[in-house]
Chemist: 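There's a structure below that I have some questions on.
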Amino acid sequence: MTVLEELDGWQRELRAQFPIIADRPELAYLDSAATSQKPQAVLDAVQRYLTTTNANAGRGTYTWANATTALVERTRTRVARFLGDPAPQQRSGVHFVSGATEGLRAVARDWLPRHLRDGDEIIAPFADHQANALPWLESQQLLAERGVRVTVRELPYDPASHDYDHTALARLVTERTAFVAATHVHHVYGGDMNVHRIRAAVGPAVPICLDAAQSVGHLPVDVGTLDVDFVVFSGHKAMALPGTGAVWARNLRGPEFRPGGWSGTPNTSGIASLEAALDWLDTAGPDRIQRWIVALAARLTDGLRASPAYEVLGCQLSLAADSAVQHREGIVTFRHRRIGSNDLGFVLSSHGLMVRADEHCQGRAGETESSVRVSLHVYNTPEEIDRLLAVLAAL
Ligand code: PMP
């Protein structure tokens, strides 16, 4: 029995819980790396919050304000537990942000300058999303203005394996290496980066910040086994409302993460949605979600590779039993050898197929320009993949 057959009944039940999907079966949403759709339970939680206890947090003496404060604190613990933190809030902390961009910038702006000394070196992934490249350069500049010189080196990327080049990384590390930024799942190539090998290459003392925007909600992310110091993710890519996200900080290597100073009113309805989204994802099971979307991605990759007109970028992923390749997640980026990606996106859209075309916010654009990205989540189906392949095959 294939994974898609085994999980078919489970997936149908989950898919039916997304009104925007269930109400429009003629459409296929294939852009979940940009943002996810929301299940009814999340919509209900927001409605419930706004119609029962909506107030500001941390300020009140009355029940609604206290209920909102409790919601915010409870969701902090919920985020930590969801990420497998065995002892939430002993030392670790969770800070709410509007998405991964703001989260990474908060680490770069509010924590990194307190941690770095003149002459230190940091390593950052310039082939990844620009949200995980630019903040570290901004931090370097900010420090330079104060006379603190920091060297930023590129986290080496191996285009053959589409993982980081751990041998080259180990060679880059010196006694002045004070911080490494890395990505968990690449937002264009779909590679699931081997975080254990990053830790092994940089040694036990260097803080690692993991951009988990494309992994949280798509696969199990467990800080009990991943020895990283920050996990940053977008709640809105993990079934919660737009404008949600979080930074989890272990607070063991370097100073405590205390971001933002006076941050004002939190996004309380967003936080209510995040709590419900994490409950929903835990019930659905991140391991099964991962198996489902990887199987869909493999179906798509195999279909594209059957046609000489298409070139799949990034690591290959195959359903074939003899395939050694398995570390790609549910993101498939490809190109037609003659038709430009905007035209392709337009044709697909006219068939109700919603994909990302053209530019992918990479720190260094390069080879993925003019490509189409299909990114999957648990509501997508094999029928949608087959519809997409049929339209592509007819071009
Ligand atoms: N990092 C990665 C890997 C991403 O894919 C994205 C969003 N595409 C971001 C960061 C930025 O996330 P947000 O838009 O939620 O700030």
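Side chains included, hydrogens not; waters and symmetry mates left out as well; all remaining heavy atoms used. No experiment lies behind these values; they were computed from the predicted model shown. All ligand and atom numbering here is 1-based and tracks the order in the structure.
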Chemist: Are His236 and Thr35 linked by a side-chain donor-acceptor pair shorter than 3.5 Å?
Modeler: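 Thr35 and His236 do have a side-chain donor-acceptor pair below 3.5 Å.
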
Chemist: Looking only at side-chain N and O atoms, does Ser92 offer a donor or acceptor that is under 3.5 Å from a partner on Asp85?
Modeler: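 There is such a pair (donor and acceptor under 3.5 Å, judged by atom type) between the side chains of Asp85 and Ser92.
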
Chemist: Going by atom types only, do Tyr189 and Thr333 share a side-chain donor-acceptor pair under 3.5 Å?
Modeler: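 Per modelled atom types, Tyr189 and Thr333 side chains form no pair under 3.5 Å.
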
Chemist: Answer yes or no: is there a side-chain heavy-atom contact under 4.5 Å between Arg253 and His115?
Modeler: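 Side chain of Arg253 against side chain of His115, heavy atoms only: no contact under 4.5 Å found.
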
Chemist: For ligand 1, would you mind listing the residues that have at least one heavy atom less than 4.0 Å away, ordered by chain and number?
Modeler: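 Residue list for ligand 1: Ala33, Gly99, Ala100, Thr101, His129, Ala131, His187, Asp211, Ala213, Gln214, Ser234, His236, Lys237.
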
Chemist: Do you see a donor-acceptor pair shorter than 3.5 Å between the side chains of Tyr379 and Ser32?
Modeler: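 Side-chain D/A pair, Tyr379 to Ser32: present.
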
Chemist: Regarding Asn54 and Trp64, do their side chains bring together a donor and an acceptor under 3.5 Å, going by distance alone?
Modeler: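 No donor-acceptor contact under 3.5 Å links the two side chains.
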
